[in-house]
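Start at 1 and go down the list; that is how both ligands and their atoms are numbered. Heavy-atom basis, side chains included; hydrogens, waters and symmetry copies ignored. The residues of the chain are indexed from 1 along the displayed sequence.
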Amino acid sequence: MKYAILGDIHSNLEALTAVLARAAELKVDSYVCIGDVVGYNSNPHECMEILRGLKPEAVIKGNHDDYVANLQLELYGFNPQAAQAVKWTRSQISEEERLWLEDLPYTKDIIKPGGVRFQLVHGTLDNPRMWGYIFDRYSAETCLQYQSMPLCFCGHTHTPMLYVKSQQEVTASSFEEVRIMPNHKYLVNVGSVGQPRDGDIRASFATYDTKDNTVALHRVPYDIETCQQKILDAGLPSRLAERLGYGC
Ligand SMILES: [Fe+2]
């Protein structure tokens, strides 16, 4: 069984389409999404429709999903461009789509026959509804204390990263492929499909091969220019288009 773990899609249709083409090449069997389906970019409806059409095994809620769905929430903690995109997205989606976002869970535990077990969270397991960020091994250590399974996937920072807890310590590193070993815990940030921030402008996602017990990171080029033009055409802040060209 091979899972694709997609996160921080952020209404980027061009990136999502390119990622799904790569996932098909990789013969992915099942999809999960670690949140922030919407926000920032200009195709919230299309991205929700495509994601839901994949019949994913789980989709959990990100902070942008939460704020788009809850019209009464004040946009504390959002930069002005992100807040503008949340308000714009609220005006674009249907009530049925808003309810779908609202109903997404904050975390999900996947348990399958044959010992396949992993967790999903957008930010951090120690308080999933507060949208804390894991930027280093110290904040990862707190999350890992709450991690009950050997493997957990997260996102939110838009920067792929691997945190491994052994009996002695927690390490942080970039990664391309990692094998899940006994007596360790793995917290894997899969990066962002729709707005990477690690200086690499390519879309990011991960796969988990349950037979080999390996997790691999994938980077996929996509049509950034078209996405940028659509952001401008929608009247969204130009900074949101620019940052896609820098990966920040
Ligand atoms: Fe995000």
Side-chain angles (χ1 to χ4, degrees), residues 4-16 19 31-44 46-48 50-51 56 58-70 73 75-90 92-93 100-102 104-108 120-125 127-135 139-140 143 152-161 187-206 217 219-220 222 224 227 231 236-237 239-244 246-248:
I5 302 97
L6 315 179
D8 294 284
I9 296 167
H10 282 303
S11 303
N12 186 331
L13 177 61
E14 288 69 33
L16 178 60
V19 159
Y31 295 84
V32 297
C33 176
I34 48 96
D36 274 1
V37 183
V38 298
Y40 289 125
N41 301 308
S42 70
N43 287 112
E46 292 81 358
C47 288
M48 278 190 277
I50 289 172
L51 181 66
V59 181
I60 61 165
K61 192 181 289 186
N63 52 321
H64 287 251
D65 307 323
D66 197 18
Y67 280 76
V68 165
N70 290 289
L73 282 181
L75 295 165
Y76 297 122
F78 280 79
N79 70 50
Q81 296 92 19
Q84 197 175 328
V86 166
K87 288 180 191 161
W88 180 86
T89 305
R90 285 173 175 169
Q92 298 295 310
I93 63 172
W100 180 77
L101 290 171
E102 190 173 40
L104 296 175
Y106 287 88
T107 61
K108 182 81 177 174
L120 306 173
V121 68
H122 185 67
T124 172
L125 287 169
N127 198 338
R129 293 165 187 251
M130 292 301 288
W131 311 117
Y133 290 88
I134 297 173
F135 278 118
S139 42
C143 180
C152 178
F153 295 101
C154 67
H156 197 32
T157 64
H158 299 204
T159 298
M161 192 65 70
L187 174 61
V188 181
N189 190 316
V190 301
S192 171
V193 171
Q195 194 195 76
R197 294 180 191 160
D198 61 335
D200 185 337
I201 61 175
R202 298 173 298 171
S204 178
F205 76 106
L217 188 74
R219 302 304 292 254
V220 187
Y222 70 95
I224 291 178
C227 185
I231 289 167
L236 287 162
R239 164 79 184 129
L240 297 180
E242 286 163 18
R243 67 187 301 176
L244 294 178
Y246 297 107
C248 66

- Under the salt bridge (charged side-chain N to carboxylate O under 4.0 Å, His left out) rule, collect the residues that match up with E46, sequence neighbours excluded. none
- Message: Run the salt bridge (charged side-chain N to carboxylate O under 4.0 Å, His left out) test against R243 and tell me which residues pass, sequence neighbours left out.
- Response: none
- Please determine if R219 and D198 form a salt bridge, counting it only when a charged side-chain N lies under 4.0 Å from a carboxylate O. yes
- Task: Go through L6 and V190 one step at a time and tell me if the side-chain contact (heavy atoms from CB on, under 4.5 Å) criterion holds.
- Result: CA-CA 7 Å; L6 315 179; V190 301; over 6 Å; no
- Check I34 against H122 and note the closest heavy-atom contact, atom names and distance. O-ND1, 2.8 Å
- Item | Residues that N189 engages under side-chain contact (heavy atoms from CB on, under 4.5 Å), provided they are two or more places apart | C154, T157, M161
- Note on the structure: So, leaving waters aside, the tally of protein N/O/S atoms less than 2.8 Å from the Fe ion (ligand 1) stands at 4
